[in-house]
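Presented below is the structure to which this report refers.
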Amino acid sequence: VQLQASGGGLVQVGDSLRLSCVVSGRSISYDTMAWFRQVPGKERQFVAGISWSGGSTDYTDSVNGRFTISRDNAKNTVYLQMNSLKPEDTAVYYCAARNGNATSSLYTYEYWGQGTKFTVSS
């Protein structure tokens, strides 16, 4: 199973960016999908999660209203649309999958991508 995240780079404060995560080797149709982020020296933190049907989403407070997670099960892909980016959004972003209900705990996710990094410059 591979999760390939992409979309990182260098952006300016206030810009928008969309991350994509394509999954191969496994159908995500019944998986909860999530995005986490990590900065050096800190634990990976939950950013957003989406239920298998897409009918339920969850966000950490700091991104609520700015980020939107979505999925296309036919393409085995999950997205993270990020608007009004701030310097504190700078991190390596990881997508993750689990066969179960949505949770914000990174320890419950079975499958992880390699991460994509972006920097928000002021």
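Nothing fancy with the numbering, it's 1 onward along the sequence.
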task = Can you tell me which residue pairs pass the ring-ring contact (aromatic ring centres under 6.0 Å, His included) test with a partner in residues 1-30, sequence neighbours excluded?
result =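 Pairs touching residues 1-30 that pass the test: Tyr30-Trp52.
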task = For residues Gln81 and Ser16, report the shortest heavy-atom separation together with the two atoms involved.
result =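 Looks like NE2-CB, 3.9 Å.
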message = Looking at every heavy atom in both Val92 and Gly115, which two are closest together, and how far apart are they?
response =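 Heavy atoms only, the tightest pair is CG1-CA, 3.9 Å.
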Answer whether the closest heavy-atom distance between the side chains of [X] and [Y] falls below 4.5 Å.
X     : Y     : result
Thr68 : Tyr79 : no
Asn76 : Ser27 : yes
Asp31 : Arg26 : yes

Crowded around [X] [atom1]? As in, over 12 foreign heavy atoms under 6.0 Å?
X      : atom1 : result
Asn64  : CG    : yes
Gln114 : CD    : yes
Glu110 : CD    : yes

Taking only residues two or more places apart in sequence, or in another chain, which ones meet [X] in a side chain to side chain contact (heavy atoms under 4.5 Å, CB included)?
X      : result
Thr119 : Leu10, Thr90, Lys117
Glu88  : Lys86
Ser84  : Arg66

ask   = Taking atom types as modelled, is there a side-chain donor on Asp72 or Thr77 under 3.5 Å from an acceptor on the other?
value =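 Not at all, the side chains of Asp72 and Thr77 share no donor-acceptor pair under 3.5 Å.
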request  = Tell me yes or no: between the side chains of Thr103 and Ser105, is some donor less than 3.5 Å from an acceptor?
outcome  =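 Per modelled atom types, Thr103 and Ser105 side chains form no pair under 3.5 Å.
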task = Say whether, by atom type as modelled, one donor and one acceptor occur between the side chain of Arg71 and the main chain of Thr32 under 3.5 angstrom.
result =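 Looks like no, no N/O pair under 3.5 Å.
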query = Do the side chain of Arg98 and the main chain of Thr108 share a donor and acceptor less than 3.5 angstrom apart?
reply =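 The answer is yes, because a donor-acceptor pair under 3.5 Å joins these two groups.
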ask   = Distance under 6.0 Å and angle within 45° of the ring axis: does Arg44 meet both against Tyr94?
value =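 Yes, a cation-pi geometry.
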request  = Would you give the length of the straight line joining atom OG of Ser62 to atom CG of Asp89, rounded to the nearest 0.5 angstrom?
outcome  =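 These two atoms lie 7.0 Å from each other.
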task = Calculate, to the nearest 0.5 Å, the distance between atoms OG and CG belonging to Ser121 and Asp15 respectively.
result =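 Separation between the atoms: 9.5 Å.
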ask   = With ILVMFWY side chains joined below 4.5 Å, transitively, what does Leu17's cluster contain besides itself?
value =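 When side chains under 4.5 Å apart are linked, the cluster holding Leu17 also contains Val1, Leu3, Val11, Val13, Leu19, Val23, Ile28, Met33, Trp35, Val47, Ile50, Tyr59, Val63, Phe67, Ile69, Val78, Leu80, Met82, Leu85, Tyr93, Tyr111, Phe118, Val120.
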message = Holding to ring-ring contact (aromatic ring centres under 6.0 Å, His included), I want the full list of residues that pass it with Tyr109, two or more places apart in sequence or in another chain.
response =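 ring-ring contact (aromatic ring centres under 6.0 Å, His included) check on Tyr109 returns Phe36.
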